[in-house]
Structures are given as structure tokens and as C-alpha cells.
Amino acid sequence: MTVTEVAKGRTASRKFLWLATGIILVAGFYSGAWFVAADQIEKRLPAYLAEKQASGLGGECTDLEVRGFPFRIGLFCDKIRLDDTRHGASASFGALRTAAQVYQPGRAIVELDGPAEIRVSPGVSVSADWTLLHASLAATLSGVDRTSIAYDNLTGTVRSPLLGKGVGFGASHGEIHLRQNGDDLDAALSVDKLDLRPEEGPSPAPPANIAADLTVTGKAEWLRGATISPHMLRGAKGELRQLTLDAGSGMNAKLSGPFSVNEQGLVSGEFSLTLVNIDAWRENLVKAVPEETDLINNIANVLAALAAGKNEATVKLNVRDGTAFLAFVPIGILPAL
């Protein structure tokens with residue numbers, strides 16, 4: 001071996017040594033930074049939640065732990081509790097699991113276990129459970145940009161003084177998608193096999209599939225600030241691009257049009273309503289709410305007349321301060337939001 005070859009070999013060894021040393025230093029620095037960040041989250045989050053209680057918004061994350069090293073970082077809790085004394089609301093849930101890629105900190109996945117108990121003053125309570133509930137979100141420095149929530153096998157009960165007896169609900173699958181669109185908020189949702197029934201007793205109608213697509217004008221701030229309140233829709237307006245209902249047996253309905261909600265929570269709007277299989281709607285609604293037989297028959301007769309004898313009609317549905325009108329006939333009152 002020549003002197004030149006020996007020199008080249010030593011140079012290569014030195015480069016390899018420096019490279020290995022650099023990798024070790026970077027790995028050590030990264031590992032230290034990850035564990036420091038995890039430790040800060042575990043220490044500061046409980047303190048932050050306790051501090052928020054002074055302003056009426058607090059919570060608790062039981063047995064908090066940060067996991068995911070080396071390439072993920074996620075928050076894990078055995079139970080979640082939230083309290084909002086400003087609006088007289090509280091909620092409790094099962095275990096929480098979150099995960100975010102270290103190289104994509106603005107994107108996160110969340111899984112939440114049931115059961116859930118939600119209470120809102122005065123006297124409204126919701127109990128629910130599910131087999132799977134997960135969410136994804138993408139955030140920027142200004143807040144959440146978009147988020148999606150999906151669930152499977154949802155069941156529960158709503159109790160309210162306005163309802164009298166409790167109302168049970170269930171769904172095999174559902175999804176909610178929210179995104180900022182400039183200053184507006186776009187929302188899309190779907191529910192498969194929605195079942196509404198008395199707390200005790202059978203369902204008055206077979207499960208239905210529902211889908212909606214709408215925009216709420218000037219309310220992207222809800223998503224940016226993760227703002228949720230019982231009456232957040234009051235004072236809002238927007239466009240319902242489509243609300244569809246498939247009740248089975250060929251019964252379909254579609255609703256679209258602009259809407260607004262006043263400060264008392266009463267809805268107004270001018271909607272286009274398409275109803276397919278009017279005879280089946282009449283028959284099933286009479287069975288479900290026999291005390292409203294006369295009103296149902298009157299509405300069905302108006303629809304049949306407008307449809308010129310066909311079993312499908314498209315009509316204008318006007319809603320004025322919570323009262324719905326078909327032509328000049330009031331057909332129902334919507335609850336305040």
C-alpha cells in the first residue's frame with residue numbers, strides 16, 4: 001500500500017468519525033428536546049386547566065401522559081372532564097388518545113372513548129356511547145383550519161324540560177367536516193341509519209339517512225378559536241346548499257336555500273323542498289304521530305295538488321321567525337336554536 005493510499009484511508013476514517021459523531025449529537029439533542037417538551041406538557045397542561053377555572057372554563061385530564069417517542073408526540077388521558085360555568089355546561093368522557101407527527105405538528109389525530117355525559121343549564125342532559133370516535137385536524141398559527149370527526153355505533157339519550165320524557169337516539173355511522181373558506185365556515189355532515197325514539201318504547205319510524213352541506217357566513221372564527229356555545233348560531237346567516245333525508249321505502253326529501261337565525265334563536269329562510277313518494281310519507285307520518293292526522297292529510301293534499309297528480313312535488317317552503325309555511329298554510333313551528 002502506498003503512502004497516498006494510507007493518507008486517503010485515514011481521511012475517509014476521519015470523515016466517517018465526524019459523521020458518526022454528528023449523528024450521535026443530533027440524535028442526543030433531538031431526544032433531549034423531545035423529552036423536555038413531553039415533560040413541559042405534562043407539567044404545564046394541568047396548571048393551565050386549573051388557571052382557566054378562575055375564568056369559568058376548566059377541565060381535568062386524569063393520569064395524563066405524553067407518549068410517541070421518537071417520531072410522534074401525543075397526549076393520553078384515562079378520563080376527560082370539562083366545565084364551563086359561564087354557560088352552565090359540563091362534560092365528561094372516557095379515555096383520550098392523541099398523536100401528531102413531530103415533523104407535522106400542525107396535524108393531529110384524536111381518539112375519544114365513551115361513555116359521555118353532557119349537561120347544559122337549564123336541565124338539559126345528554127348521555128352517549130360509541131364503539132369508535134376519532135377526529136383529525138389541521139391547524140395554523142391562527143388556529144384550526146379544518147377538522148373532521150367520524151363515529152361508529154353511536155347510542156344515547158337526550159333529556160330536556162322542553163321534551164318532557166327523554167328521547168333516545170342511535171346511528172350506525174356519522175361524519176362531520178368543517179373548514180375555513182375565507183371568512184366563512186363550510187360544514188358537511190352525514191348520519192347513517194339515524195334512529196330517534198322515546199326513551200322507553202319502540203321507534204315510531206324506521207332509521208333514516210341524513211346528509212347536509214352548508215356555509216355559515218362570516219363564522220370562520222368559530223373554527224379558528226375552537227368556539228362552542230349553546231346559542232352560537234344566534235345572529236348567524238348562511239346558505240343551505242342541500243339537506244337530504246332518505247327515510248326508506250322510496251321516501252326522500254331534499255331542502256335547500258338561504259337561512260338566518262335571529263337573536264332569539266328563531267330560524268327564517270326561503271327554501272326549495274322536494275318530496276318524493278308523497279303517499280308513503282302521508283301513511284308513515286300518520287302512523288308515527290296519529291294526533292296530527294288532519295294536518296298531515298291537509299299538507300299531503302296540498303302537495304298532491306301542486307304536483308298535478310304526481311307522487312313527487314317541489315315546492316317553496318317559507319320559514320318566518322320559526323314558523324314554517326307551505327304556500328299560506330302554517331305547517332309547524334321550529335324550536336329556537
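Quantities reported herein were computed from a predicted structural model and do not represent experimental measurements.
- Panel note: side chain Asn262, backbone Leu266; a donor-acceptor pair is recorded below 3.5 Å.
- Although no hydrogens or angles enter the test, the distance criterion places a donor-acceptor pair under 3.5 Å between the side chain of Ser172 and the main chain of Asp192.
- Judged by distance alone, with hydrogens and angles left aside, the side-chain atoms of Trp130 form a donor-acceptor pair with the main-chain N or O of Leu112 at under 3.5 Å.
- With hydrogens and angles disregarded, a donor-acceptor distance shorter than 3.5 Å links the side chain of Thr98 to the backbone of Leu75.
- Of the possible polar contacts, none joining the Arg320 side chain to the Ser268 backbone as a donor-acceptor pair under 3.5 Å is found.
- Remark: side-chain polar atoms of Asn209 are paired, donor with acceptor, to backbone N or O of Lys193 under 3.5 angstrom.
- Counting only distance, with no hydrogens or angles, the side chain of Thr274 and the backbone of Thr314 share no donor-acceptor pair below 3.5 Å.
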Checklist entry - Given the rule in the side-chain contact (heavy atoms from CB on, under 4.5 Å) test, do Leu214 and Phe259 qualify, once you have shown the distances and angles that lead to the verdict? => result CA-CA 10 Å; Leu214 69 152; Phe259 68 89; 4.1 Å; yes
Item to check | Candidate pair Lys79 and Asp63, rule salt bridge (charged side-chain N to carboxylate O under 4.0 Å, His left out), full reasoning | outcome: CA-CA 8 Å; Lys79 290 183 180 179; Asp63 294 330; over 6 Å; no
Item to check | Worked verdict on Arg241 versus Glu239 for salt bridge (charged side-chain N to carboxylate O under 4.0 Å, His left out) | outcome: CA-CA 6 Å; Arg241 282 185 289 275; Glu239 179 78 19; over 6 Å; no
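- A donor atom on one side chain and an acceptor atom on the other are found under 3.5 Å apart for Asp186 and Thr215.
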Checklist entry - Which is it for Asp195 and Arg197 under the salt bridge (charged side-chain N to carboxylate O under 4.0 Å, His left out) test, yes or no, and what are the steps along the way? => result CA-CA 7 Å; Asp195 180 24; Arg197 59 190 180 277; 3.1 Å; yes
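- Counting only distance, with no hydrogens or angles, the side chain of Asn252 and the backbone of Leu275 share no donor-acceptor pair below 3.5 Å.
- A cation-pi contact, defined as under 6.0 Å to the ring centre and within 45° of the axis, links Arg67 to Phe76.
- Side-chain atoms of His173 never come within 3.5 Å of backbone atoms of Asn153 as a donor-acceptor pair (strictly under, hydrogens ignored).
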Next on the checklist: Applying side-chain contact (heavy atoms from CB on, under 4.5 Å) to Leu255 and Gln242, what does each step give before you reach the verdict?
Outcome noted: CA-CA 6 Å; Leu255 188 70; Gln242 186 167 278; over 6 Å; no
